[in-house]
Each structure stands twice: as structure tokens, then as C-alpha cells.
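Residue numbers start from 1 in every chain, and the chains themselves are labelled A, B, ... in the order their sequence lines are given, proteins ahead of strands. Predicted model only: the values in this text are computed from it and were never measured.
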There are 2 protein chains.
Amino acid sequence: MMATKEKALLTERQALSSSGLRITSQRALILDIIGRGHEHLDADEIYRQARKKDPRLSLSTVYRNLQMLKKAGVIDELRFGESRHHYEIKSAVEHHHLVCLGCGKVVEFKCRLCPEMRKDVARKEGFDITGVEVTMTGYCAKCRQGRR
Amino acid sequence: MMATKEKALLTERQALSSSGLRITSQRALILDIIGRGHEHLDADEIYRQARKKDPRLSLSTVYRNLQMLKKAGVIDELRFGESRHHYEIKSAVEHHHLVCLGCGKVVEFKCRLCPEMRKDVARKEGFDITGVEVTMTGYCAKCRQGRR
DNA sequence: ATGGCTGCAAAAGTTTTGCACTTCT
DNA sequence: AGAAGTGCAAAACTTTTGCAGCCAT
């Protein structure tokens, strides 16, 4: 059986090849870094990690690729109330984000009630809804203790 | 009976006086502009509108006041997936935002299911949740027609 | 009077762009 | 070959900050 990470990587690469974008070493590297784990990195973090493997990589290339990969539907751009954007591989499963205000950890969660909520709003407001984004903030179990 | 707008204005001013912040003409002006309608203006729009009444007002004063009013709990800062922040008077009633991708219109809606959703996530993830933000995007009735 | 607030100018942080050169297909 | 992508440097855009003087309390 194939390991999850390999499978995920394969999917990313497939998405990349079928996106019409050329596969350059820089682009593959950037995508691999975004795909590793669920770290929700920002552009500069991706840049710094990528430079370890390719020291000649430029920050503009990172930004340009983030834009293109986003437009191609390979990655999603997230905002957690900071000034910077964060990125993740586009997931087949809709999920949302919970940010710990203590340690900055970001947890993904699935939202059982969202489909109904979406229908509710569409009907009430007469909108054709294309996206639902839920961001919760709070304190994780660990950080909660310190605040007592 | 008092008109809604006047009532709202009164509430804003009350919030301002009880916030410990001084009431300067600039601050009052900025707050009035944010409070007018439900326009969800960004800093620069607030600045431009305010300058019509007070041409000497500086952009830094706008930014500084937005920070202070936010910290004082008088206004809320919103992000609609753009680079700029938008602002609204803090409302007693929790509500969320629906942004039209066609015309940019922002509609506020109340979320019947959010309290339950919040409890769900808190229990499942072990978080103490302090904030829930839902942003939906789509096309309003008017803009939907043009896309057919 | 005095500490908070303002305007101005300069800086900081993030993201975008122009251009010449390189690489993928 | 030709289009797409890259690196570098410069610019753009939003937001923050230092400082000297001003004003609300």
C-alpha cells in the first residue's frame, strides 16, 4: 500500500501537470514544501525552506508560483487575521481552520453543519454561493492552562 | 421615537466616551464615517471620506485610530480575502459576511447554526474558542444574471 | 499642566512588476 | 524555435513609527 505522503505528493504533481503549467524544478520544490505536513506556511517560510535545497531561488519566483498555483486550483490561500497569506494544497475535502492565539498552531476541522448553513444563506439572501470559509480562534488545551 | 441612525450614533459615541479614549474631532469623524450605513470601508476609503470634512486629517491618524478603536472594542476589523482590512462598528449581535464577487457588495447575515458549530469544534478539538468568523463568497441575484 | 493625540515624513513589511536571460516543451 | 519561467532590482501598496508641536481633560 502506498504511504499517505507519497499519495498526496502524487496528487499534487498530477494536479501540476494537468494544470497546463510547466514543471520547473523551482515550482516542484515549492509545491513539495507546501504539501509537506499541514503547516500552512507563508511565502517567506516557503522561501526560506526552499532555499535550503536551491539557494539560488528568488522570493519573486515563490510569489509568482503561489499566484499561479492558486489560479490553477492546485493550492489555496488562507488568511488568519495576520498580514501575511498562508498556503495549503487544495484538498478534496472541504475543511476549515482553528487558530490558537497562544501558540499559533492551526488545526483543520470538518464542518458538519456548513452545508446546511450555506443553503440557509443562499436561500435567504438570494446568492449563488461559491465559497464558505470558517475561521475560529481560541486557545488550545495546552495554552489554555497557562491562562488560568 | 429615535431614528435608527441617531440611536446607532449615540451608541458609538457612548462606547467612545466609556473607552477611556479622548474624544477628538478626528476620532469622532472617523467613527461617524465607519458608522454610516453598512459599508465596511477600508482605511483609505475612510481617509478619503474624512478629508472632505477635515482636509488636514492625515492617513496615519486614521490608521492609529482604527487600531485604538479596535483595541477599545468599539469597531471590528474584517478581512474579505483582499490585502486591505475593512472596518465596521462592533455590533451587539454576532453576524457574518457574504461578499459578492461580481459587484463587491457585502451583506451581513446572522448564523443560526454557528453556536452549535462552535460547541462542536470546541469539544472535538479541546479548544477554548473565543471567536468565530464566517465569510461566504458568491454572486448576488443581480450579478448572477450577467453570468448566465 | 500634562499626557494623549495629531501631522508630517520616513520606514517597515508584504507582494508585484519590468527586464534580460534561461529553460521547458 | 518559441513560449513560459527565473533572478535581480526596483516599485507598489498597506500599515507602522519617531518626533515635535497641539489640544482635550
Side-chain angles (χ1 to χ4, degrees), chain A residues 13-34 40-72 74-87 104, chain B residues 13-34 40-72 74-87 104:
Chain A
R13 292 292 182 100
Q14 280 169 350
L16 182 46
S17 1
S18 59
S19 69
L21 298 178
R22 284 185 182 172
I23 300 176
T24 62
S25 62
Q26 295 93 331
R27 182 162 294 155
L29 176 55
I30 289 167
L31 193 54
D32 281 4
I33 287 172
I34 300 172
H40 303 99
L41 303 171
D42 63 41
D44 197 62
E45 288 164 340
I46 294 167
Y47 174 59
R48 286 206 303 269
Q49 289 201 21
R51 278 187 79 120
K52 289 179 195 161
K53 287 219 169 184
D54 175 2
R56 296 215 44 205
L57 181 74
S58 80
L59 184 55
S60 7
T61 296
V62 172
Y63 273 110
R64 261 187 299 234
N65 274 292
L66 291 174
Q67 284 310 316
M68 300 178 88
L69 291 168
K70 182 175 66 162
K71 206 168 283 178
V74 182
I75 62 175
D76 274 327
E77 190 179 71
L78 309 172
R79 264 154 250 257
F80 298 133
E82 300 167 35
S83 49
R84 294 167 278 160
H85 304 162
H86 295 251
Y87 298 88
Chain B
R13 292 291 182 102
Q14 281 170 348
L16 182 47
S17 359
S18 58
S19 69
L21 299 178
R22 285 188 181 169
I23 301 176
T24 63
S25 61
Q26 294 94 331
R27 183 163 294 155
L29 176 55
I30 289 166
L31 194 54
D32 282 3
I33 287 172
I34 299 172
H40 304 98
L41 303 172
D42 63 41
D44 197 63
E45 288 164 340
I46 294 166
Y47 174 59
R48 286 206 303 268
Q49 289 201 22
R51 279 187 79 121
K52 290 180 194 160
K53 287 218 168 181
D54 176 2
R56 296 216 42 208
L57 180 74
S58 80
L59 184 55
S60 8
T61 296
V62 173
Y63 273 109
R64 259 187 300 236
N65 274 293
L66 291 173
Q67 285 310 315
M68 300 178 87
L69 291 168
K70 182 175 65 161
K71 206 167 284 178
V74 182
I75 62 176
D76 274 327
E77 191 178 70
L78 308 173
R79 266 155 256 253
F80 297 134
E82 299 168 36
S83 50
R84 294 167 276 161
H85 304 161
H86 295 250
Y87 297 87

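- In this structure, the CD atom of A/Glu82 is 9 Å from the P atom of C/dT14, given to the nearest Å.
- Between the side chain of A/Glu45 and the backbone N or O of A/Asp42, at least one donor-acceptor pair lies under 3.5 Å.
- A distance of 6.5 Å separates OH in B/Tyr87 from CD1 in B/Ile75, rounded to the nearest 0.5 Å.
- Here A/His85 does not reach the OP1 or OP2 of C/dT14: none of its side-chain N or O atoms lies under 4.0 Å away.
- The base of C/dG7 is paired with the side chain of B/Arg64 by a donor and an acceptor separated by under 3.5 Å.
- Counting heavy atoms from C-beta outward, A/Gln67 and A/Glu77 have side chains that approach closer than 4.5 Å.
- Interatomic distance, OG1 of B/Thr61 versus CE of B/Met68, reported as 10.5 Å (0.5 Å rounding).
- The residue B/Asn65 sits close only to the backbone: its heavy atoms come under 4.0 Å of sugar-phosphate atoms, none of a base.
- Contact annotation: A/Ser83 does not reach the phosphate of C/dG13 (side-chain N/O to OP1 or OP2, under 4.0 Å).
- Of the side-chain N and O atoms in A/Gln67, one or more sit less than 4.0 angstrom from OP1 or OP2 of C/dT16.
- One can place CG of A/Leu59 at 8 Å from C1' of C/dT15, the figure rounded to the nearest angstrom.
- Taking every nucleotide of DNA chain D with any atom under 4.0 Å from a non-hydrogen atom of chain B, the first and last of them, 5' to 3', are D/dT14 to D/dT25.
- Rounded to the nearest 0.5 Å, atoms NE2 (B/His85) and OG (A/Ser83) are 7.0 Å apart.
- Not one N or O on the side chain of B/Arg84 forms a donor-acceptor pair closer than 3.5 Å with the backbone of B/Leu41.
- Here C/dG4 presents its C1' atom at 7 Å from CE of B/Met68, a figure rounded to the nearest Å.
- B/Ser60 comes within 4.0 angstrom of a base, heavy atoms only.
- If you take OH of A/Tyr63 and C1' of C/dG18, they are 18 Å apart, rounded to a whole angstrom.
- Among the heavy atoms of the strands lying under 4.0 Å from B/Leu57 are primed sugar atoms or P, OP1, OP2 only; no base atom is included.
- We find that CG of A/Asp44 is positioned 14 Å from P of C/dT16, with the value rounded to whole Å.
- Between B/Thr24 and B/Tyr87, the residue anchored closer to the 5' end of DNA chain D is B/Tyr87, taking for each the nucleotide with the nearest heavy atom.
- Both B/Arg84 and A/Leu21 lie close to DNA chain D; mapped to their nearest nucleotides by heavy-atom distance, the more 5′-ward contact belongs to A/Leu21.
- Taking atom CD1 on B/Ile23 and atom P on C/dT6, their separation rounds to 12 Å, with Å as the unit.
- Annotation: ring-ring contact (aromatic ring centres under 6.0 Å, His included) contacts of B/Phe80 (sequence neighbours excluded): B/His86, B/His97.
- In this structure, A/Gln26 does not reach the C/dT23 phosphate: none of its side-chain N or O atoms is under 4.0 Å from OP1 or OP2.
- Nearest-nucleotide assignment on DNA chain C puts the 5′-proximal partner with B/Arg22, out of B/Arg22 and B/Arg51.
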